[in-house]
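To start, the structure itself, in structure tokens.
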Amino acid sequence: MEKISIEGGKPLFGKVEISGSKNSSLSILASCLLSDKQVSILGIPKLTDTFFFLELLSSFGVEVKGLDNFKNTKKFILNAKKITNNKAPYNLVKKMRASILVLGPLLARTGKAIVSLPGGCSIGLRPVDIHLKSLEKLGARIFIEKGYIYAEALKGLKGNKIVFPKVSVGATINVLMAAVLAKGTTEIHNAAKEPEIEDLGLFLKSMGAKIEGLGTNKILVEGVTKLEKTNYKVMLDRIEAGTYALAVAIAGGEIELVGAEKKLLTFFLNILETIGVEYFVTENSIIFKRNSNSLNSIDVTTEPYPGFPTDLQAQLMAVMAISNGTSVITENIFENRFMHAPELIRMGAKIKLKNNLAIVEGVKKLKGAEVMATDLRASVSLVLAGLAAQGKTNINRIYHIDRGYQDIVKKLQFCGANIKRITV
Ligand code: EPZ
């Protein structure tokens with residue numbers, strides 16, 4: 001087992017290379033199943049989630065060049081010409097819920113898909129009812145047996161009008177991929193507008209898919225019979241960039257996020273300015289600097305894009321724990337995404353939870369402690385707290401962090417943080 005140990009109190013000065021987007025990479029990799037041609041993809045971040053996804057694809061018979069040298073591969077070359085298996089087994093899906101994203105493309109390409117129900121995770125039940133009902137509207141026959149989703153469309157899928165009852169990133173991704181090979185036109189209403197969906201759409205269009213309305217809540221897809229080969233570079237990870245900007249907020253100092261562009265973070269820059277972080281845009285980076293010794297408190301509500309993202313909520317809570325005032329954080333996306341709060345309280349934070357509200361009363365200093373990571377974003381909020389806390393913080397179960405933050409210890413060491421991985 002490994003843990004991360006941090007001696008807090010040191011401001012951050014240096015450069016951080018922003019890696020490719022985890023969430024965009026996962027949906028782009030899933031959509032490789034739609035094509036029988038070779039696709040080359042640059043910018044896939046080196047994470048356990050992307051490694052598992054490439055393993056899952058190769059279990060379907062997809063040729064994955066670069067998987068055997070995953071850590072050093074810059075460009076992954078995939079070829080889904082021959083799909084020899086269309087079952088995503090429980091043992092793989094339980095390791096990575098995003099495996100549900102193979103359902104739509106497998107179904108559209110082969111007419112049959114058997115995918116283990118992903119089950120919940122620590123942040124919530126994570127149902128997939130909207131995915132399934134929408135695929136049925138495209139003509140799929142779906143039933144669930146012994147924890148598996150059986151989906152069939154032997155005569156192929158047929159375009160239709162889909163209206164999501166609520167905004168769902170995953171369901172928008174699954175339906176968009178399935179619609180690309182469906183016969184006729186599909187309209188997706190109340191679609192998610194996250195930039196990662198736009199990135200997926202641009203990847204699909206680079207292979208010849210006909211898609212309009214990307215980045216809006218109404219996406220139109222004209223089905224095609226086949227997709228061509230492509231070369232594509234995944235967008236950078238806006239949540240990773242936002243996390244490092246909040247690292248400067250909590251620890252102080254000045255860091256340059258290389259690769260970050262303003263459009264990647266527009267949703268978030270006004271919040272940074274309000275709490276007391278300045279930023280300067282250069283031609284290939286954004287420099288973040290905390291402009292005073294104290295941080296302002298702020299009330300935020302997590303919402304679908306372009307609102308404040310739920311994936312930055314835990315990180316912001318850590319920052320608000322040492323702000324000069326009281327902040328109210330409302331989590332509207334997931335029903336149980338405050339697992340980091342008890343761990344922050346163990347570090348001296350003053351946080352009260354009431355349903356989906358977290359009332360955070362800023363304190364002068366956090367104190368280092370032994371804490372436990374519970375999910376990806378909760379774990380990184382503990383790293384941020386450790387950077388600012390007095391004394392030593394040990395974070396256990398850091399496999400959560402490795403799912404979504406490439407080389408986080410190295411990147412923070414490079415900015416002067418006193419942080420290291422230790423094998424227990
Ligand atoms: C995606 O999850 C991301 N994961 C999440 O990132 C992100 O937090 C989330 O979108 C919201 O932005 C990937 O892209 C791999 P949703 P997803 O479907 O698709 C409910 C991270 O930390 N819902 O938009 O699962 C659901 O329970 C991860 O990188 C249904 O009720 O999110 C939730 O309350 C965590 N039925 C809400 O909708 C459904 O069929 C939004 O979920 C689907 C979802």
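Remember, it's 1-based here, ligands and their atoms both numbered in the order they're listed.
Relative orientation of the Phe51 and Phe70 rings is perpendicular, given thresholds of 30° and 60° on the angle between their planes. Using a 30° and 60° split on the angle between ring planes, Tyr150 and Phe143 fall in the parallel class, below 30°.
With a heavy-atom cut-off of 4.0 Å, Arg337 touches ligand 1 through its side chain alone. Both the backbone and the side chain of Val169 come within contact range of ligand 1, each with a heavy atom under 4.0 Å. Within the 4.0 Å heavy-atom criterion, the part of Asp311 lying near ligand 1 is the side chain and not the backbone. With a 4.0 Å heavy-atom cut-off, ligand 1 is reached by no atom of Leu132. Contacts between Glu196 and ligand 1 below 4.0 angstrom, taking non-hydrogen atoms only, are absent altogether.
Among the atoms of Ala98, none of the N or O lies under 3.5 angstrom from an N or O of ligand 1. Geometrically, ligand 1 and Phe334 share no nitrogen or oxygen pair separated by less than 3.5 Å. The shortest N or O to N or O distance between Thr310 and ligand 1 is not below 3.5 Å. For ligand 1, the polar-atom distance check finds an N/O of Ile333 within less than 3.5 Å of one of the ligand's N/O atoms. The distance criterion of under 3.5 Å between nitrogen or oxygen atoms is not met by Glu335 with respect to ligand 1.
Side chains of Tyr405 and Pro45 form no contact here, defined as non-hydrogen atoms less than 4.5 Å apart.
Screening Ser35, Ser40, Ser206 for a side-chain hydrogen bond (donor to acceptor under 3.5 Å, both in side chains) with Thr230, the sole residue that qualifies is Ser206.
Within the 4.0 Å heavy-atom cutoff, Glu331 does not count among the residues contacting ligand 1. Under the 4.0 angstrom criterion for non-hydrogen atoms, Pro127 is in contact with ligand 1.
Nearest heavy-atom pair across Ser122 and Asn336 is O-ND2, 2.8 Å.
Gly170 N, 2.7 Å is the protein heavy atom nearest to atom 19 (O) of ligand 1. Of the protein's heavy atoms, Ser168 OG, 2.7 Å lies nearest to atom 18 (O) of ligand 1. In terms of protein heavy atoms, atom 3 (C) of ligand 1 is closest to Asn23 ND2, 3.8 Å.
Of the charged side-chain nitrogens involved, none lies within less than 4.0 Å of a carboxylate oxygen, so that Glu17 and Lys15 do not count as a salt-bridged pair.
Of all atoms in ligand 1, listed by their number and element, those nearer than 4.0 Å to a heavy atom of Lys22 are 21 (C), 29 (O). Here is the list of ligand 1 atoms found below 4.0 Å of a heavy atom in Arg126: 2 (O), 17 (P), 25 (O), 27 (O).
Judged by distance alone, with hydrogens and angles left aside, the side-chain atoms of Ser379 form a donor-acceptor pair with the main-chain N or O of Leu376 at under 3.5 Å. Not one N or O on the side chain of Tyr305 forms a donor-acceptor pair closer than 3.5 Å with the backbone of Glu196. With hydrogens and angles ignored, the 3.5 Å screen pairs no side-chain donor or acceptor of Glu194 with any backbone N or O of Pro304.
By the neighbour-count criterion of 12 heavy atoms within 6.0 Å, atom NZ of Lys81 is sparsely surrounded, having that number or fewer from other residues, nucleotides or ligands.
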